[in-house]
Amino acid sequence: MAAMDSTAALPQPQYATHDVTNQPPPLAPYDASDDPALIEGLRREGAEWAEAGIRRLGARAGSAEAQEWGELANRHEPELRTHDRYGNRIDEVDFHPSWHHLMRAAVEEGLAGTAWADDRAGAHVARTAGGLVWGHTESGHGCPTSMTYAAVPALRAEPELAKVYEPLLTSREYEPGLRVPTEKPGLLAGMGMTEKQGGSDVRTNTTAAAPTAEPGVYTLRGHKWFTSAPMCDVFLVLAQAPGGLSCFLVPRVLPDGSRNAFRIQRLKDKLGNRSNASCEPEFDGTVAWLVGPEGRGVKTIIEMVNCTRLDCVMNSATLMRKTLVEAGHHARHRSAFGARLADQPLMRNVLADLAVESEAATTLTLRLAGAADRAVRGDEQERAFRRIATAVGKYWVTKRGPAFTAEALECLGGNGYVEDSGMPRHYREAPLLSIWEGSGNVNALDVLRALSREPGAADALFGELALARGADARLDAAVTRLRNELAETDQVAARRLVERMALALQGSLLVRYAPAAVADAFCATRLGGDWGHAFGTLPAGTGFDAILERALPGRN
């Protein structure tokens, strides 16, 4: 016989003061891949074969279970254990089980290094599209998957090391915990570049690399100011060798099973990205393997940086899309002043403006992923385009993220300012993506460097813009102004120049691929100047219905 509920017969409380009304239901479950700009871009950039998998992953990302994993992984933050109970130095970080659920799903779905082992055209596009939907869960665990993806091309500078580690970095197997790397079914990679005295100026690094009697093997002594994520299996690290700044592979566990010297001083107490551990490690006799020639460390590791910069664009676009969906869901179910928020003209203006920005970010992200995919396969024109456009996209899309997320949060009013809504977590996450892998200034200067040292980069950019010539007079005028301004490539004008590059590039993509209402709204405002200084200032006559039906199908 089932146990009787002892409270069933008790009288119900008589102190209730009100009924709960006019509150939206939970968003989950929902389909994170329900985004025409995403699916159309996936097909256009050569990964249509991945569509069924992306749609399946989108449903999984929007499930109540996966959304709860994201919440719990951030509520229960990683904890550093420097020593075990007996006093032995272990330098381990403990994560909530939800973190491991998210990581396992991401690795199994090929969001880490798997694309490098996939010979199909569009493999890197498919991975990016997967990130655009799986990122709806939470952003922190995207750090180790991104670095694992990015480590592969850098590691290829040392073919013998790549032969050992690449099959493990491209695996779909996730196994947490520290063991001899070659004894695990799959590996994760981290990165340690910056030091406290220099930050992005890595040539000021003081970590020293001393060669040993074994060719290619060194010992490191020094520190790193930001290293993520400390429970990865291997790290790419910059240090000063006798021949200059060089790149090294540092495993947490050595081939004989002993712990490598990787002493975690503390975890960073970050504004956002709280689920992910970032640390300050010290090296003292740390064993490392040289990757690439001595003195070419920046050139070697820049292959990793180019990939992680693409992921910064991807993650910003993901946050935009996620918060837009949240804002649209709230507006559809919340009423004020006698009408649903989603039916009120000014709210529709705000949502439509956000939708245009989101589509521009998603479309550019997938175009960059397509360039990366084709560059890997030997397309030199796409390689040149990728070189400049990734830096341009990294600068602009990540800059737009915080303002976008703040506006989306405001659509929920006071409810959006409460942690339970999830919006504060997204808001805290947004600024990271502009800082990680080079702040805005670093990326703007990188664009200037590409213009001055790689003439093919400018040609590739304008070649892309020329594909939309004649489609919109405002875009044509913007491209003409941009070409005239290329002579002003001093540092003072760098941000202005890169911003205009980004807007012209986004405009050209939308004119070619987006519905007329979206492209017209973008060109009228971002290029034509018929816009205010905040979101929600689209001009009268904008196709609000068409924009919102596309961005929020069934939700507006």
Side-chain angles (χ1 to χ4, degrees), residues 20-39 54-55 57-71 74 132-139 315-359 361-362 401-430 518 535-536 538 544-556:
V20 177
T21 62
N22 198 26
Q23 289 286 340
L27 173 61
Y30 73 102
D31 182 358
S33 69
D34 186 12
D35 178 6
L38 168 70
I39 298 301
I54 294 300
R55 291 187 181 277
L57 184 59
R60 187 179 184 188
S63 69
E65 178 182 51
Q67 292 294 304
E68 184 179 31
W69 288 346
E71 179 184 348
N74 283 271
L132 284 166
V133 298
W134 186 247
H136 280 234
T137 56
E138 73 95 38
S139 298
N315 286 321
S316 287
T318 304
L319 272 176
M320 290 183 189
R321 179 62 189 169
K322 168 65 171 175
T323 54
L324 171 62
V325 170
E326 293 277 7
H329 176 76
H330 179 88
R332 184 187 180 199
H333 292 91
R334 179 82 164 174
S335 296
F337 307 109
R340 287 192 318 163
L341 291 178
D343 294 332
Q344 300 197 24
L346 193 51
M347 178 59 80
R348 292 177 71 76
N349 195 322
V350 172
L351 292 173
D353 211 352
L354 293 174
V356 169
E357 191 76 24
S358 175
E359 177 151 353
T362 296
F404 184 107
T405 309
E407 193 68 59
L409 181 155
E410 189 176 320
C411 290
L412 277 66
N415 292 328
Y417 205 68
V418 175
E419 288 290 341
D420 285 351
S421 72
M423 297 296 271
R425 168 159 59 90
H426 304 320
Y427 182 59
R428 289 191 297 269
E429 191 73 30
V518 176
F535 287 106
L538 295 175
F544 297 109
D545 290 347
I547 293 171
L548 290 174
E549 180 55 38
R550 175 174 172 81
L552 302 168
R555 299 189 183 101
N556 64 319

Side chains of [X] and [Y]: does their closest heavy-atom pair fall under 4.5 Å?
X    : Y    : value
F544 : L538 : yes
R340 : R334 : no
I54  : S33  : yes
R332 : P24  : no
E357 : L324 : no
L351 : M347 : yes
Q23  : N415 : yes
H426 : L409 : no

Contact summary for [X] and [Y], nearest pair of heavy atoms:
X    : Y    : result
A59  : D31  : N-OD1, 3.5 Å
A61  : A66  : O-CB, 3.7 Å
A28  : G62  : CB-O, 3.5 Å
S421 : L412 : CB-CD2, 4.3 Å

If you round to the nearest 0.5 Å, how far is [atom2] of [Y] from [atom1] of [X]?
X    : Y    : atom1 : atom2 : answer
E138 : E71  : CD    : CD    : 11.5 Å
S63  : H136 : OG    : NE2   : 13.0 Å
I547 : L552 : CD1   : CG    : 11.0 Å
L548 : R348 : CG    : CZ    : 5.0 Å
K322 : T137 : NZ    : OG1   : 8.5 Å
N74  : E419 : CG    : CD    : 9.5 Å

Taking [Y]'s backbone N and O only, do any of them form a donor-acceptor pair with [X]'s side chain (distance below 3.5 Å, no angle check)?
X    : Y    : answer
S358 : L354 : no
Q344 : A339 : yes
E359 : R550 : no

CD (E410) with more than 12 external heavy atoms under 6.0 Å =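 No.
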For W69, all residues meeting side-chain hydrogen bond (donor to acceptor under 3.5 Å, both in side chains), sequence neighbours excluded =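 Not a single residue meets the side-chain hydrogen bond (donor to acceptor under 3.5 Å, both in side chains) criterion with W69.
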With sequence neighbours excluded, what pairs up with A361 under the side-chain contact (heavy atoms from CB on, under 4.5 Å) test?
->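 So A361 forms a side-chain contact (heavy atoms from CB on, under 4.5 Å) with A317, M320, V397.
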Non-neighbouring partners of P29 that pass side-chain contact (heavy atoms from CB on, under 4.5 Å), sequence neighbours left out =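 side-chain contact (heavy atoms from CB on, under 4.5 Å) check on P29 returns nothing, list empty.
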Sole candidate of L319, T318, N315 that passes side chain to side chain contact (heavy atoms under 4.5 Å, CB included) when paired with S139 = L319
Taking atom types as modelled and ignoring hydrogens, do the side chains of H329 and Y30 form a donor-acceptor contact shorter than 3.5 angstrom?
->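 No, no side-chain donor-acceptor pair sits under 3.5 Å.
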Parallel, tilted or perpendicular: ring planes of F404 versus F535, cut at 30 and 60 degrees |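 Answer is perpendicular, since the angle exceeds 60°.
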